[in-house]
Structures are given as structure tokens and as C-alpha cells.
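Letters go in sequence order (proteins before strands), and every chain restarts at 1.
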Amino acid sequence: MATMQQQQQPSSGFSVYVGNLPYSTQSDDLGQLMSSVGQVTNVRLVYDRQTNRPKGFAFCEFADQSGAQNAVNNLNGTDFNGRVLRVNWANK
DNA sequence: CTTGAGCGG
């Protein structure tokens, strides 16, 4: 693997960006999917403040960096509820 | 009863 951005976030949790999600996706659905590749500490679905509609992406916190990396390697580019899942390390 | 690039109510 080439050099990639590994952000170690304190206060428990390695943030991973999850995008290209269906608007019908709930945090629980993502939580179960992420739990299948690693220990998930938190799952945050991003909603729009103006219309209260899901923006279509979310952020997942893993208890271990390997779990987050495993999620990126296993869920990124895969199909989820009819949409191609987009998983990557979070920037902020 | 709506939408589809991207990084947080």
C-alpha cells in the first residue's frame, strides 16, 4: 500500500468518511455494516440543517485504526443498498 | 412527494 493519510483522533475514535449513501440509510444500518469490519465506537449520519434531509454521507468512528483501515479497504467501492459505497479517511 | 457533489445537525 502506498502512503495514505492516517489521522489519529484522541478521545477514542478514528474518523472515517462514508459517502454516496442512499437517502434512506440510517445510522444503525451503517453501524452494523461498519461493525462487520471493525469495532465501531460511533456512527454519525450527516443531515442538512435547512431541510432536515440526509446529505447522503456520514462519518464513522472506529476504536482501532486497523478497523477503520479495514473498513476503507473492504467497504470503499462496494455496493450498499443499491449504491456504491464510498469510504475514506476523514479530513476534519 | 422531490436530490446526488462531497468532509459533520
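Shown here are the side chain to side chain contact (heavy atoms under 4.5 Å, CB included) partners of A:Val40, two or more places apart in sequence or in another chain: A:Met34, A:Ser35, A:Val43, A:Cys60, A:Phe62. Judged as a side chain to side chain donor-acceptor pair (under 3.5 Å), and not counting sequence neighbours, the contacts of A:Asp28 are A:Gln32. Among residues two or more places apart in sequence or in another chain, the side chain to side chain donor-acceptor pair (under 3.5 Å) test is passed with A:Asn70 by A:Asn74.
You'll find that the side chain of A:Phe59 is closest to B:dC7, out of B:dG4, B:dG9, B:dC7. Relative to the side chain of A:Arg44, the nucleotides B:dT2, B:dG8, B:dG9 differ in distance, and B:dG8 lies closest. Nearest nucleotide to the side chain of A:Arg83, out of B:dT3, B:dC7, B:dG4: B:dG4. Side chain of A:Arg53, nearest nucleotide from B:dC7, B:dG8, B:dT3: B:dT3.
The OH atom of A:Tyr17 sits 11 Å away from the P atom of B:dA5 (whole-angstrom rounding). At whole-Å resolution of the value, CH2 in A:Trp89 and P in B:dG8 are 18 Å apart. Atom NZ of A:Lys55 is separated from atom P of B:dG4 by 16 Å (rounded to the nearest Å). Between the CZ atom of A:Arg49 and the P atom of B:dC7 there is a distance of 20 Å, given to the nearest Å. Following rounding to the nearest Å, A:Asn52 (CG) and B:dT2 (P) show an atom-to-atom distance of 15 Å. The CG atom of A:Leu30 sits 18 Å away from the P atom of B:dC7 (whole-angstrom rounding).
Rounded to the nearest 0.5 angstrom, A:Lys92 NZ and A:Ser15 OG are separated by 12.5 Å.
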Which atom pairs, donor and acceptor, lie under 3.5 Å between side-chain atoms of residues 20-27 of chain A and protein residues at least two apart or in another chain?
unit_1: A:Asn20; atom_1: ND2; unit_2: A:Val84; atom_2: O; d: 2.5
unit_1: A:Thr25; atom_1: OG1; unit_2: A:Pro22; atom_2: O; d: 2.9

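Of the residues A:Asn42, A:Val46, A:Leu30, the one that meets the side chain to side chain contact (heavy atoms under 4.5 Å, CB included) test with A:Phe59 is A:Val46.
Within residues 19-27 of chain A, the residues that place at least one heavy atom under 4.0 Å from DNA chain B are, in residue-number order, A:Asn20, A:Leu21, A:Pro22, A:Tyr23.
The 5' end of DNA chain B is approached more closely, in terms of each residue's nearest nucleotide, by A:Pro54 than by the other of A:Val46 and A:Pro54.
Counting only residues at least two apart or on different chains, no side chain to side chain donor-acceptor pair (under 3.5 Å) pair has a member in residues 75-86 of chain A.
Taking 4.0 angstrom as the limit, A:Lys92 places none of its side-chain polar atoms (N or O) nearer than this to OP1 or OP2 of B:dC7.
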